[in-house]
Number of protein chains: 2
Amino acid sequence: MKENTQIITIKDIARKFKCSPSTVSRALNDNHVINEETRKTIQEYAEKMGYQRNIISLSLLNKSSKTLGVILPNINHFHESSMLEGLQSTFQPLGYLLHICVTNESYELEKQYIERLLANRVDGIFLSISQETFDEEHYEHIEKAIKRDIPLIYIDRKFEGASTNGVVIDDYNGAFLATQHLIEIGCRRIAHLRGPKGLTVSEYRFNGYRDCLLKNNFTIDESLICTTNFEVESAIEPTNYLLDLPQKPDAIFGVNDHVCIGAMHVIRQRCIQIPQQIALVGFDDSPIAQYFYPPLSSVLRQSRQIGLEASTLFLNQLKTNKEMRSSQNIVLPSKLIIRDSSRK
Amino acid sequence: MKENTQIITIKDIARKFKCSPSTVSRALNDNHVINEETRKTIQEYAEKMGYQRNIISLSLLNKSSKTLGVILPNINHFHESSMLEGLQSTFQPLGYLLHICVTNESYELEKQYIERLLANRVDGIFLSISQETFDEEHYEHIEKAIKRDIPLIYIDRKFEGASTNGVVIDDYNGAFLATQHLIEIGCRRIAHLRGPKGLTVSEYRFNGYRDCLLKNNFTIDESLICTTNFEVESAIEPTNYLLDLPQKPDAIFGVNDHVCIGAMHVIRQRCIQIPQQIALVGFDDSPIAQYFYPPLSSVLRQSRQIGLEASTLFLNQLKTNKEMRSSQNIVLPSKLIIRDSSRK
């Protein structure tokens, strides 16, 4: 493994100059108690030998490691990287390092990551819950983290079972808006490519779709509702199934833009006209949505803003006494962007 | 800030049970020197009070923090998230945490991140160089890191000025293959939407394109070469420019799939037929390339494999004495995937 000779310490430098470690420490911190020449000599030697302040031992003294944990179910889509970008734009100038942990929707990994982050003495954790955590209703690991005196903040996906601060998108209203728009342009058989069951983000969007249909006196046709896993491929089979129905849908509301890419692909292969024969609306308004063929209507979610608001929640918590802290849940509004895929 | 009363230490537990800290430590480590009942009582109390082993102080003893730094210019595309996925699939089961740092192509940030990672005593650094680092030919920060006895491994983008281990893609041959294919299907005016100047990844792809043209006795027409920044939007204006030329190109080779999305959008707007009037080949073979309209030919790069190979380089370095270590540079082959956008 590593050779000890390689990492040079304050003690090594003190030995070299036959002085005390505290003299070296003062010299390296540019303390004027030490005369300028000595300071310069010691600093130059330390630089030459690759001396590096040890933040780990400093963090034991300071009780702050200047590191933060970010736990995400995945980082494959624009949405996640934008949230990260929002967090980073706040924390990078403040000198924080972000530990980014990806759970791939596994509860076991999420639990392990929380343990490791706590053991590594992070100053705070930003958590977007994994699907398995929802499905199996685990929350002990989250409660354990909340019990510790560091801020734990939900981003994007939260767990109702263990309450703390969080920033989420108004998925329900976004889906409601999208469905209302499809009804207003005259669609009567509106299908939904929904997300995995159990995830709040999927459920809220499904509920918005369902409630909008009910409010407009439509009946809910279960045959028009198919489940995807958010990825392009997962929309192929369901779209083929929908287009094979004796009564085809005249619109599809997709749980995100990616499933709409898959749906568009199948629809084009069958030479069905978008939006004349079937209209499409996605969710996320990812940067490529406007370059689809045809350009895709989509619900804008303020992904970067989630990161920014979550950063503010964290910084406010640091400033507040534990007793004075109140749980804050910020819900960011969604906005419908209409493009050719649903412009009749 | 934080209240000290919240973090419970071994000393606190020892005080509670009127025993020595080493007894507590042994009890928590399930050492059978301590009788079972005492062990159980202490363990239960520690659990109840939220005691957490402090990995930071452990890492001072072990000389290993079980953390790794990964520095990337961005994490917006499939390529980067796949490399991360490759690294993670190796290191997660081994108990390593990844610090993921995003430079947004800034040298200053890259330098700061390397400093912070070294100060945090990471066990290794995986680095994909920022554009600014290339442009301004900085390499002192990299050399400083290499001088320290921890593995520094280039992933995807390396800097010739400071040599160490690395895993890169054979960008040159990938671009050569793509251009050769366009020549073989009969294209004679092959444009290139190139990446930013100075980045090895852009230069290698440009060189592959140029050398293939020269080898086939084509002249290099500078008017057919436009610069993008890898993003969809950056291809819009250059493509409009290319299609306004008195002698339009009959093919475009894009530096990645994203610039091809932009190019396709402009070409469709002008009702120009792909591939009949203009053929397209991209680079990356991102998962959405096959769902473009028409499906996009692309050079497959083994992004996940970069992460896997880089992990192996790191683990091999840990096992090898510093004196015995040799610099290894792995170049992964590229492969052309032909789809409708260039199938005549």
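Below, chain A is the first sequence line, B the second, and so on; all start at residue 1.
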*chain A: which of Leu117(B), Ile288(B), Leu97(B), Asn104(B) shares the most heavy-atom pairs with it under 4.5 Å?*
Leu97(B)
*Atom pair OG1 (Thr239(A)) and CD1 (Ile252(A)), whose distance is rounded to the nearest 0.5 Å*: 5.0 Å
*Contact class of Phe292(B) relative to chain A, heavy atoms under 4.5 angstrom*: backbone
*With respect to His141(A), which candidate in Glu108(A), Glu115(A), Glu110(A), Lys111(A) satisfies the side-chain hydrogen bond (donor to acceptor under 3.5 Å, both in side chains) definition?*
Glu110(A)
*Interchain contact, Tyr293(B) with chain A, by part (heavy-atom threshold 4.5 Å)*: both
*In Å, rounded to the nearest 0.5 Å, how long is the span from SG of Cys260(A) to NE2 of His265(A)?*
14.5 Å
*In terms of heavy-atom pairs under 4.5 Å, which option from Glu231(A), Glu233(A), Glu85(A), Gln112(A) contacts chain B the most?*
Glu233(A)
*So among Asn256(A), Asp257(A), Ile306(A), which one has a side chain to side chain contact (heavy atoms under 4.5 Å, CB included) with His79(A)?*
Ile306(A)
*Going by atom types only, do Ser82(B) and Ser303(B) share a side-chain donor-acceptor pair under 3.5 Å?*
no
*For each of Thr67(B), Val70(B), Asn74(B), Val102(B), tally heavy-atom pairs with chain A at distances under 4.5 Å, and name the one with the top tally.*
Val102(B)
